[in-house]
Amino acid sequence: MLTGYVNMKIYLGHYNFKEIEKKWQEYWEKTKIYQAVDNPRKDNKFYLLVMFAYPSGDIHMGHFRNYIIGDAIARQQMIAGKDVLHPFGWDAFGLPAERAAIQRKIHPQEWTLKNISVSRSTLQKVGISFDWSREVTSCLPDYYKWTQWMFIQLYKKGLAYRKRGYINWCPEDKTVLANEQVKDGKCERCGTPVIKKNQEQWYFKITAYADRLIDDLDNLPEWPDNVKTMQKEWIGRSYGAEVDFIIEDTGEKLPVFTTRPDTIFGVTFMAIAPEAEILNHLHLEGEFKEKVERYKQKAMARSEIERTALTEEKDGVFTGKYAINPFNNEKVQLWVADYVLAGYGTGAVMAVPAHDTRDFAFAKKYGIPIKVVIHPDENSSLNSNEMSDAYTDYGPMVNSGQFNGLKGKEAIEKVTEYAHQNGFGRQKVNYKLKDWSISRQRYWGCPIPIIHCDKCGVIPVPENDLPVVLPKVENYIPRGRSPLEDAPEFINATCPQCGGEAKRDPDTMDTFVCSSWYYLRYTDPKNDKAPFDKSKASNWMPIDLYIGGITHATGHLIYFRFFHKFLKDIGWVDTPEPALRLFNHGMVLDAKGEVMSKSKGNVISPITLMDEHGVDVTRLAMYFTAPSDKEVLWSNDSLTGVEKFALNKFYPLIKKYCQTKPNLKQYFNRKDLTEAEWKLYVKLNQTIQKVSDSFDKLQFNTAIAALMELVRDYDTTDIKNDNFNDYLILKAIKLAAPMIPHMAEEMWRKAGFTDSIFKKTGWPNYDPKAIVEDEIEIAVQINGKLRDTIKVAVDANQNEVETIALNSKRVQSFIAEKQIIKKIFVKGRILNLVVK
RNA sequence: GCGAGAGUGGUGAAAUUGGUAGACACGCUGGAUUUAGGAUCCAGUGCCGUAAGGCAUGGGGGUUCAAAUCCCCCCUUUCGCACCA
């Protein structure tokens with residue numbers, strides 16, 4: 001019945017990947033197979049999102065891996081019959097594009113648009129199933145019009161506001177950075193140490209959502225724990241109390257935040273951050289004024305890295321002023337110290353040297369008293385003269401008046417309650433998270449839709465006048481203030497309120513604003529009346545699977561959740577969270593484990609590999625090398641095994657197809673198959689199960705291994721039933737199709753189908769009664785050590801297995817002259833005989 | 001320093017979540033075929049040992065009939081946070 005021996009040499013020539021890839025790519029495009037509908041069935045939709053890309057050149061290995069992971073899942077869902085939305089777009093504003101443009105002396109817009117078109121056509125050649133009809137590009141006015149609209153909605157709700165304060169400034173990029181763009185005190189992009197600068201900026205009030213951003217993480221079971229933990233820590237919620245100390249001279253309140261109100265009687269000094277506003281209220285005099293001033297200057301000049309280095313000894317300077325502890329009316333010294341952070345709490349801390357490590361070191365250095373107010377327990381005590389470090393655990397309060405003896409949680413509650421009743425304190429929750437600084441003094445970004453009028457103040461641009469178009473200026477080099485300030489045609493405007501002369505806001509937005517809502521635009525990308533149609537968005541939301549790098553854990557992924565929650569509050573979306581499941585893929589490094597970069601000269605381009613080996617083989621190699629969440633040390637050797645498999649083993653299956661058009665929905669009955677066929681049928685169903693499981697976990701390496709086993713076991717000499725033969729081949733093609741789409745489509749068509757395999761043809765379900773073989777090998781252990789394996793019927797009970805086992809010569813030799821004292825039997829697995 | 005994860009053959013990795021460790025590949029060794037091959041096919045391949053057998057999942061202890069998997073200590077490593085009062 002079958003074609004018999006096939007010369008593999010001839011065969012390889014028969015899979016002309018260049019031709020076949022082109023053929024199907026054109027077909028898929030022509031038939032619009034990836035075009036998502038606007039109104040999927042709610043219970044049958046699958047929104048697969050991969051993070052959109054910076055168009056910084058053509059795509060590299062990392063992109064390639066990211067997108068083929070998503071593509072395999074998207075295609076599996078298509079086969080499975082889901083309505084799939086799998087869009088793509090470009091995060092096209094931002095510093096990298098601008099910097100590259102400056103280097104090459106091309107306008108950022110031209111550079112960006114050119115890169116987009118190159119990258120797009122590469123992605124099309126990779127055969128990624130993106131719905132290009134929904135492409136969005138964040139630097140084009142039809143998109144950023146709505147980014148500006150978002151800004152205005154936030155402004156209307158009081159969630160976008162201006163504030164003067166110290167900001168992170170990158171002297172190299174000459175712009176403000178958000179906290180998440182500062183890594184180790186350096187600019188994340190260029191590595192330049194960041195300095196503090198006092199400037200008026202726009203902020204989004206993300207802190208108003210801090211609690212929901214933390215609490216709702218518990219409703220995201222399909223987000224990785226590490227990301228959730230990172231977000232929780234980043235937001236950094238801590239419960240405590242705020243206590244008002246009194247500045248002795250002026251009687252002014254000096255509130256401080258503490259998580260340890262139970263140590264309040266141990267306060268021996270207060271420390272204030274050099275940048276803190278309160279310092280100006282102290283009316284410092286004489287030499288103290290000078291010293292403090294000098295210290296402030298010094299502290300501000302130090303870089304963030306120096307200031308936060310833990311090895312650095314803590315220092316500070318006495319202000320000559322005192323504050324009163326409202327609990328015991330004790331007078332405590334007021335110090336300025338740069339280990340206190342201006343941006344957290346009130347910028348001042350109550351220092352309890354006996355019970356805080358930092359305060360202890362500081363007190364020792366400056367000879368400030370140390371007062372013990374907590375003992376480790378009722379039976380042991382501390383002596384401040386003998387302490388070599390602070391005691392920071394909980395314990396009973398001492399030297400604390402009426403509170404003596406209370407400890408831990410109860411102590412904290414009682415102390416706080418007392419402060420509350422007496423009007424000098426309250427419960428307080430504090431967050432590390434700060435409001436999101438979004439102003440950037442750069443050209444290549446989304447203009448902030450605000451007009452500054454001398455008469456009317458800050459006026460948002462009316463929504464009808466959007467977009468505020470970014471002008472194409474010649475001089476976009478950053479100089480420390482926004483280049484737009486020097487573009488008269490842009491900066492000069494009329495006030496929408498009084499009609500008088502006014503100025504536009506010269507800054508552009510952080511690009512993370514653009515990427516905070518793009519996933520919604522995909523549901524309705526051409527809408528020019530609204531950012532998106534509510535019902536279209538509602539049809540597709542939430543995102544079922546969001547794939548991207550772990551690098552965005554505390555940046556983009558928090559902003560995007562914040563935006564979504566805001567949009568829910570103003571009635572534009574109806575789910576509490578944007579994405580049900582998050583998956584972080586691993587990085588691609590070179591064979592030595594180093595990042596691929598042009599400067600190192602170790603870049604391997606996926607394009608070169610695809611030209612030489614074809615898209616499908618290149619994809620397969622990437623899938624097979626490691627599970628998707630692990631990093632890959634890429635070596636071209638990875639191609640060898642999978643190439644042989646794909647070209648010499650898998651593709652030739654189609655030559656053995658007998659054109660019987662089997663019914664793929666059926667299961668076979670045992671009586672209709674020969675013994676060998678049934679065995680193969682079981683193998684097929686096991687493969688279906690393994691591949692499906694692997695896809696659920698995005699572990700394509702094991703899916704491929706399972707397919708390799710199936711093909712290895714497939715032996716036509718055993719098969720008499722052509723219908724079964726064809727059934728097996730078609731199922732195998734479907735299982736492989738998401739990973740090797742071109743080859744699979746080719747095989748599918750060769751099998752006589754006139755429509756695409758990706759058009760809801762049905763993902764294979766395994767036959768539950770054909771998952772285990774009739775006869776299996778089970779292990780026989782003596783005292784827990786493997787001594788033999790025996791073949792038994794799959795449902796053999798303990799007695800049957802024992803009989804067979806005891807018949808084994810090997811087993812006998814191990815139990816000879818010994819007594820069996822215990823028998824453990826796990827059906828289908830092991831028999832363990834304990835002997836003595 | 002704190003938090004989370006990881007450590008399995010020469011290499012990439014599997015392991016039904018406590019039940020035959022190393023699936024599937026790469027590489028290597030031997031053989032076959034071939035004018036030749038980096039092509040293809042067959043066999044072998046964790047380590048020690050001729051064998052019987054013993055030893056093996058970073059190291060050391062423990063729980064269990066049974067541990068890569070659970071518990072304790074240590075080492076290495078990756079990532080995140082890094083004076084958050």
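Lettering follows sequence order; numbering is per chain, from 1. It should be emphasised that the depicted structure is a prediction, and the values quoted were computed from it without experimental measurement.
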Sugar-phosphate only, base, or nothing, as touched by T259(A) at under 4.0 Å among non-hydrogen atoms: sugar-phosphate

Integer-rounded Å distance: A39(B) P and L647(A) CG: 14 Å

Minimum heavy-atom distance P369(A)-P353(A), with the two atoms named: O-CG, 3.7 Å

From I804(A), V826(A), V801(A), residue fulfilling side-chain contact (heavy atoms from CB on, under 4.5 Å) relative to I778(A): V801(A)

Protein-to-nucleotide contact annotation, 5' to 3' order, nucleotides 25-33 of chain B [B base; S sugar-phosphate only; - none; under 4.0 Å, heavy atom]: SS-------

Atom pair CZ (R237(A)) and CG (D211(A)), whose distance is rounded to the nearest 0.5 Å: 4.5 Å

Closest-nucleotide 5' rank along RNA chain B - winner of K434(A) and K785(A): K785(A)

C1'-based separation of G10(B) from G54(B) [nearest Å]: 23 Å

A36(B) and G31(B), which share atom name P, separated by this distance in whole Å: 15 Å

Side-chain N,O (K630(A)) to OP1/OP2 (A13(B)) below 4.0 Å: yes

Proximity to the side chain of A705(A) - top-ranked nucleotide from A85(B), C65(B), A23(B): A23(B)

G784(A) vs Q699(A), nearer the 5' end of RNA chain B by closest nucleotide: Q699(A)

U78(B) and A67(B), which share atom name C1', separated by this distance in whole Å: 25 Å

Whether H556(A) and H552(A) hold their rings parallel, tilted or perpendicular, with breakpoints at 30° and 60°: perpendicular

Residues D218(A), K232(A): salt bridge by 4.0 Å N-O rule: yes

Watson-Crick or G-U wobble partner of U45(B), both distances under 3.5 Å: G27(B)

Pairwise side-chain contact, N584(A) with D629(A), heavy-atom cut-off 4.5 Å (strictly under): no

C1' gap between A39(B) and G49(B), integer Å: 38 Å

Rounded distance in Å - NZ (K690(A)) to P (A13(B)): 19 Å

Base paired to A36(B) (Watson-Crick or G-U; both N/O distances under 3.5 angstrom): none

Side-chain heavy atoms of V792(A) within contact of E800(A), under 4.5 Å: no

Separation of atom CG in L786(A) from atom P in A21(B), rounded to whole Å: 5 Å

Plane angle bin for F645(A) and F650(A) - parallel if under 30°, tilted between 30 and 60°, otherwise perpendicular: tilted

C1' gap between G3(B) and A82(B), integer Å: 11 Å

Rounded distance in Å - CD1 (I830(A)) to P (A67(B)): 10 Å

Torsion-based syn/anti label for U17(B), 90° from 0 as limit: syn

Sugar-phosphate, base or nothing in reach of N701(A), heavy atoms under 4.0 Å: sugar-phosphate

Atom-to-atom span, CD of E631(A) to P of G12(B) - whole angstrom: 11 Å

Side chain of R810(A) - closest among A85(B), G54(B), G53(B): G53(B)

hbond_proxy K432(A) side chain to C81(B) base (donor-acceptor, 3.5 Å cutoff): no

Residue T258(A), side-chain heavy atoms: nucleotide from A15(B), A85(B), U20(B) that is nearest: A85(B)

Sugar-phosphate only, base, or nothing, as touched by K823(A) at under 4.0 Å among non-hydrogen atoms: nothing

Stepwise ring-ring contact (aromatic ring centres under 6.0 Å, His included) check, W436(A) with F512(A): CA-CA 10 Å; W436(A) 175 10; F512(A) 279 116; 7.2 Å; no

side-chain N/O Y339(A) vs A85(B) OP1/OP2, d < 4.0 Å: no

G80(B) to C28(B) separation - P atoms, rounded to the nearest Å: 37 Å

M230(A) CE - A82(B) P separation (whole Å): 11 Å

A51(B) - base-pair partner by Watson-Crick or wobble geometry, distances under 3.5 Å: none

Shortest non-hydrogen separation from L334(A) to L254(A) and the atoms involved: CD2-CD2, 3.7 Å

Mate of G19(B) where both pairing distances stay under 3.5 Å, Watson-Crick or G-U: C65(B)

From G53(B), C65(B), C55(B), nucleotide with atom closest to F814(A) side chain: G53(B)

N-O pairing of R426(A) and D244(A) below 4.0 Å: yes

Side chain of T625(A) (C-beta onward), nearest among G80(B), U20(B), G12(B): G12(B)

Protein-nucleotide distance (M587(A), atom CE; G80(B), atom P), rounded to Å: 9 Å

Complementary nucleotide of U8(B), counting Watson-Crick and G-U pairs under 3.5 Å: none

Glycosidic class, syn or anti, of G9(B) using a 90° window around 0: syn

Whole-Å gap separating C1' (C24(B)) and NZ (K683(A)): 10 Å

Rounded C1' spacing from C48(B) to G12(B) in Å: 26 Å

Paired nucleotide for A82(B) [Watson-Crick or G-U wobble; both distances under 3.5 Å]: none

Assigned partner base of A14(B), Watson-Crick or wobble definition, under 3.5 Å: none

Proximal nucleotide (of A85(B), G3(B), A66(B)) relative to the E233(A) side chain: G3(B)

Touch class at under 4.0 angstrom, heavy-atom based, for T357(A) against every strand present: nothing

Distance below 4.0 Å between R829(A) side-chain N/O and C65(B) OP1 or OP2: no

Sugar-phosphate only, base, or nothing, as touched by R237(A) at under 4.0 Å among non-hydrogen atoms: nothing

Whole-angstrom distance between A13(B) and U64(B), as gauged at atom P: 36 Å

